[in-house]
Amino acid sequence: MLIQIIGAFIAIVAFSIVIETPKKFLIYCGLTGAVGWTVYLAVNAGYGPIWGNFVSALVISLMSHLFARILKTPVTIFLISGILTLVPGATMYRTGYELFMGNMEEAASYLALTAQIAGVIALAIFIMDSVFQTLKKLSSYSGEKT
């Protein structure tokens with residue numbers, strides 16, 4: 001498990017370099033991806049890939065928002081890199097492979113899993129964005145004089 005987490009950190013830092021993330025943010029991107037992968041491994045072991053992706057996407061989105069506010073930079077710098085480990089590439093590949101091999105039932109099963117994973121990742125990002133938008137609105141209302 002530790003090797004996977006270190007691998008996730010290195011992969012995210014390398015990807016961040018490729019997409020030209022400023023050097024001062026590379027460690028934070030790597031941390032976001034490594035923590036997200038750690039959460040995924042822990043939750044996936046007990047609850048399966050759907051919950052694993054959902055909870056880890058929530059954590060990645062939370063960390064991205066926190067780093068963005070602390071470092072005064074856009075959320076997407078950390079979110080795009082951090083979420084990379086969760087992209088359902090293997091299930092997309094398996095969908096195509098099974099289609100090519102003519103196994104329609106297997107292909108449909110992998111396609112459904114891919115759609116579910118992509119959906120829960122998007123949902124988790126949306127939820128965390130909504131939480132931070134709501135907190136921002138609440139803090140601006142509390143600062144008003146009546």
Side-chain angles (χ1 to χ4, degrees), residues 1-22 24-101 103-142:
M1 184 166 151
L2 183 60
I3 292 173
Q4 285 190 37
I5 296 165
I6 293 168
F9 179 86
I10 293 168
I12 296 302
V13 170
F15 177 74
S16 298
I17 291 168
V18 169
I19 64 170
E20 299 181 3
T21 299
K24 63 184 176 182
F25 302 130
L26 292 177
I27 299 297
Y28 298 103
C29 290
L31 282 173
T32 303
V35 169
W37 189 246
T38 304
V39 171
Y40 171 79
L41 291 173
V43 176
N44 183 46
Y47 298 98
I50 304 299
W51 279 106
N53 278 282
F54 179 70
V55 175
S56 60
L58 279 174
V59 170
I60 289 168
S61 188
L62 173 65
M63 288 181 68
S64 297
H65 277 278
L66 294 176
F67 283 151
R69 277 151 184 77
I70 292 167
L71 301 169
K72 300 188 184 340
T73 190
V75 174
T76 54
I77 287 177
F78 310 106
L79 186 60
I80 290 172
S81 296
I83 214 78
L84 180 69
T85 57
L86 302 182
V87 173
T91 55
M92 285 188 272
Y93 169 81
R94 288 180 182 141
T95 300
Y97 177 80
E98 295 299 341
L99 278 171
F100 182 75
M101 298 305 288
N103 301 328
M104 295 305 157
E105 287 183 23
E106 285 292 315
S109 175
Y110 282 121
L111 180 60
L113 181 59
T114 301
Q116 289 172 340
I117 291 170
V120 298
I121 291 170
L123 180 63
I125 292 169
F126 173 75
I127 288 170
M128 198 54 66
D129 284 347
S130 297
V131 166
F132 275 87
Q133 291 268 339
T134 303
L135 291 173
K136 184 177 178 181
K137 286 182 182 180
L138 288 174
S139 68
S140 69
Y141 289 139
S142 64

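- At least one side-chain heavy atom of Ile83 sits under 4.5 Å from a side-chain heavy atom of Leu86.
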One pair to check against side-chain contact (heavy atoms from CB on, under 4.5 Å): Val43 and Ser56. What are the steps and the verdict? CA-CA 8 Å; Val43 176; Ser56 60; over 6 Å; no

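- Between the side chain of Asn53 and the main chain of Pro49, a donor-acceptor pair closer than 3.5 Å is present.
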For a side-chain contact (heavy atoms from CB on, under 4.5 Å) check, start with the C-alpha distance between Met92 and Val87, then their side-chain angles and the critical distance, and finish with the verdict. CA-CA 9 Å; Met92 285 188 272; Val87 173; 4.1 Å; yes

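- Contact annotation: the side chain of Glu106 never approaches that of Leu99 to less than 4.5 Å [non-hydrogen atoms, C-beta and beyond].
- Note that OG1 of Thr38 is 10.0 Å distant from CG of Leu31, once rounded to the nearest 0.5 Å.
- Of all heavy-atom pairs between Met63 and Thr32, the closest is CE-CA, 3.7 Å.
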Pair Phe9, Ile27 - check side-chain contact (heavy atoms from CB on, under 4.5 Å), show working. CA-CA 9 Å; Phe9 179 86; Ile27 299 297; 4.1 Å; yes

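- Atom CG of Leu58 is separated from atom CD1 of Ile60 by 9.5 Å, given to the nearest 0.5 angstrom.
- Rounded to the nearest 0.5 angstrom, Ser81 OG and Ile17 CD1 are separated by 10.0 Å.
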Could you list the donor-acceptor pairs under 3.5 angstrom formed between side-chain atoms of residues 120-138 and any protein atom two or more places apart in sequence or on another chain?
{"residue": "Asp129", "atom": "OD1", "partner": "His65", "partner atom": "NE2", "Å": "2.4"}
{"residue": "Ser130", "atom": "OG", "partner": "Phe126", "partner atom": "O", "Å": "2.9"}
{"residue": "Thr134", "atom": "OG1", "partner": "Ser130", "partner atom": "O", "Å": "2.8"}

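- Pairs of residues two or more places apart, or lying in two chains, that qualify as ring pair (Phe, Tyr, Trp, His ring centres under 6.0 Å) and include a residue from residues 67-87 are Phe25-Phe78, Tyr28-Phe67, Phe67-Phe78.
- By the 30° and 60° cut-offs, the orientation of the rings of Tyr97 relative to Tyr93 is parallel.
- Counting non-hydrogen atoms of other residues, nucleotides and ligands closer than 6.0 Å to CD1 of Ile70 gives a total above 12.
- Taking 4.5 Å as the limit, every side-chain heavy atom of Val59 sits out of range of all side-chain heavy atoms of Trp37.
- The distance from atom CD1 of Ile10 to atom CD1 of Ile5, rounded to the nearest 0.5 Å, is 12.5 Å.
- In this structure, CD1 in Ile50 is found 5.0 Å from CD1 in Ile117, a value given to the nearest 0.5 Å.
- Side chain of Ser109 to backbone of Glu105: no donor-acceptor contact under 3.5 angstrom is found.
- Taking OG1 from Thr21 and CD1 from Ile12, the interatomic distance works out to 10.0 Å, rounded to the nearest 0.5 Å.
- Nearest heavy-atom pair across Leu26 and Ser16 is CD2-CB, 3.5 Å.
- The side-chain hydrogen bond (donor to acceptor under 3.5 Å, both in side chains) contacts involving residues 112-126 comprise Thr91-Thr114, where partners must be two or more places apart or lie in separate chains.
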